[in-house]
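The structure appears below as structure tokens.
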Amino acid sequence: MNKNKIIELKNITMEYDGEQILKGINLDIHDKEFVTLLGPSGCGKTTTLRIVGGFITPDSGDVFFGGKRVNDVPPYKRPVNTVFQKYALFPHLNVYENVAFGLRLKKVSEPEISRRVGEMLELVDLKGYDKRGVNQLSGGQQQRIAIARALINNPKVLLLDEPLGALDLKLRKEMQIELKKIQQRMEITFIYVTHDQEEALTMSDTVVVMKDGTIQQIGTPQDIYNEPVNSFVADFIGESNILPGIMHRDRLVEFAGNNFECVDGGFDPMEPVDVVIRPEDIKLTPASDDALNGVVENVTFKGVHYEIIVKAYSDTWMIHSTKAPNVGEVVGITLTPEDIHIMKKSEVKKVNYFKSDLTEGSDIEQKI
Amino acid sequence: MSKKSKYAAVPYLVWMVIFILVPLILIGVFAFTTTVQVDSEGNVLTTEEYDTYVADLIAEYDEIGEDYDINELLENDDITEKTVFTLAHILEVSKYSSVLINSAWLALIATAICLVIAYPLAYMISRMRESRQKLALMLVMLPMWMNFLLRTYAWMTLLEKNGLINKLFGLIGLGPFEMINTQGAVVLGMIYNYLPFMILPLYSVMTKIDSRTIEAAQDLGANGIQVLGRVIIPLSMPGVATGITQVFVPSISTFIISRMLGGGTNMLIGDLIDLQFLGNAYNPSLGAAISLVLMVFIILCMSITNQLDNEDMEGVLM
Ligand SMILES: Nc1ncnc2c1ncn2[C@@H]1O[C@H](COP(=O)(O)OP(=O)(O)OP(=O)(O)O)[C@@H](O)[C@H]1O
Ligand SMILES: [Mg+2]
């Protein structure tokens, strides 16, 4: 990845109807980088993108393109193109004319337009749809037209607002790969918005996790997954067990009625903390006096693994395993120190994470 | 179609037959027929022949010196009245083609000015906040809640030689201007009365234009004028067509506006028709014929307008 900063957002704030939607966004975007804004619905992803696109001006803070302040530059003068969340195709134009729109404005010659539109339609797998009205297309086809319409202008930066939202799982996966290829081949910067964490992890160079108008963490997919800075990020990226704990001293934490060795330090003695454990890191062992024992409450087949809900001490645990115990069986929960992630109690008071006192089956719905 | 919805259309059909079809047929009958006198051998008498015949009859009885009732005589003779098809009335309309052209011209000017005023106004209203939109629309429609005659009468007093406008001009040492009883006053009356009919259909198509569509055009490099020409105007064409129809049709056939503000000096086609039915030129056949010609003319104009709309909306699934 090239380290040239192409876009900088500095202390961006935005308010709608007296409500603070963005609370000081600071973000650097580098040339040829695939940056994903990830966060729950309503956290301000689209708003951030619209500020980059120039459709709204931030209340305070600055936007820089290549070092130049562009707060007051109108959208049509910015070297970015957008794939809108709801496609926003031109209903009065057919597929061909929709894709050709940007080139026509640039007074590109007719044969050139025809050639490039043909290429683009082939790229998004909609060859032969030229003459169709856009309202005759399915949601997924419209979305691909929106991608073609933006890409044809060879923008330096492409903004994509949940561009694969309307596609079925298979097409979605295909388009993810296709978009990533396009980004690498055309060497352009993508700013990609999604609330699908898996999409964010598989496609991005950099993931920006947002919540309530603030950035929680910026990092590579690996960083974000392995070293989440707080329990919100931990829970939003993949599933997590988040348990209340007390840090006795460096590398010793108490939770679930036991003391565990861990690898984290730097907390006050007896400081209350969040203990985050990934469901796939937990090993199920036969019940024994040394381990933390619990009763299996529920087992669900998830394809690659089983999702097992275990009640142990006063907590409910989610565990992923390829072997399924029987419901009602008593099992041991075994952890190695590396599996235990200790986080400062987030100052943000309410997080919809997988709370330890939740009842079974309500885990996934709790998110977002 | 379900049975229920089939029957639901019945009242409307009855309404159509009584108030649209029947009058239309009557106009057709008036316009294409005339009564003629036919003698016992079935020959049609010309007007002169018939006049001579009546004069002869009267002379004959006068000679004899008998008392007689001319109507009774005419009823009992061998001459009968008959209704026959004729193109005479339709052909007579051509005498008034200059009136038709003048009416069309004034209506066209009024429609064009309405469009120029209404288009930006409707666009502005459609981009306002929801609550403001309602208020603005109410202001647009406010004059329509007043009686049509009253509104037009108000303009009479405003435009008069000693009217308010001339008095205001007088204050700054201008005028008085000749405003009432001019074609300009007639056009003004048309614009004032029919402007809302242009604004409303334009507004209703413009509110349906998604602001993201406009943003998409800007995003792809369109400046303000290009957005207007390539997105907003094409998408508002159906409203333009409806608006033109709704202003042009009542404007071309109005008679009250020209009578009140044009002072009868500029006769419009509507005045002419009015005169044939209710005025002293009483001639329903001619009136019906003019109405028919006007109707055909309007239908032609509207089909041209609709053509415009269709071409611009090519590729849209209706
Ligand atoms: N034009 C607007 N007027 C008022 N409030 C707005 C406007 N646009 C966005 N908001 C508010 O700003 C907040 C953030 O909106 P935004 O569209 O940026 O969310 P998002 O992260 O893109 O969510 P989603 O994933 O659902 O698209 C929301 O609470 C929304 O209601
Ligand atoms: Mg959004």
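We name chains A, B, ... by the order of the sequence lines, and we start the count at 1 in each one. Just so it is clear, the values below take in all heavy atoms, side chains as well, and ignore hydrogens, waters and symmetry mates. Model, not experiment: these values are computed from the prediction.
- In this structure a side-chain-to-backbone donor-acceptor pair under 3.5 Å is present from A:Glu33 to A:His30.
- The aromatic rings of A:Phe90 and A:His92 lie perpendicular to each other, with more than 60° between the two planes, well past the 30° mark.
- No donor-acceptor pair closer than 3.5 Å links the side chain of A:Lys156 to the backbone N or O of A:Val80.
- Of the two parts of A:Arg149, the backbone and the side chain both hold a non-hydrogen atom closer than 4.5 Å to a non-hydrogen atom of chain B.
- Contacts of A:Asn81 with chain B are made by both backbone and side-chain atoms, with heavy-atom separations under 4.5 Å.
- In terms of heavy-atom pairs under 4.5 Å with chain A, the best-connected choice from B:Val231, B:Asp210, B:Leu220 is B:Leu220.
- Neither the backbone nor the side chain of A:Lys106 comes within contact range of chain B; no heavy atom of the residue lies under 4.5 Å from a heavy atom of that chain.
- A salt bridge links A:Asp205 and A:Lys180; the closest N-O separation between the charged side-chain nitrogens and carboxylate oxygens is under 4.0 Å.
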Going through the checks in order, is the ring-ring contact (aromatic ring centres under 6.0 Å, His included) test met by A:Phe84 and A:Phe55? CA-CA 12 Å; A:Phe84 290 84; A:Phe55 301 111; 5.7 Å; yes
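- In this structure, the portions of B:Glu215 lying under 4.5 Å from any heavy atom of chain A include both its backbone and its side chain.
- With a 4.5 Å cut-off on non-hydrogen atoms, B:Asn223 touches chain A through its backbone and its side chain both.
- Top candidate by heavy-atom pairs under 4.5 Å with chain B, chosen from A:Pro75, A:Gly53, A:Pro155, is A:Pro75.
- No donor-acceptor pair closer than 3.5 Å links the side chain of B:Thr213 to the backbone N or O of B:Ile209.
- Proximity to chain B (any heavy atom under 4.5 Å) is restricted, for A:Leu89, to the backbone atoms N, CA, C and O.
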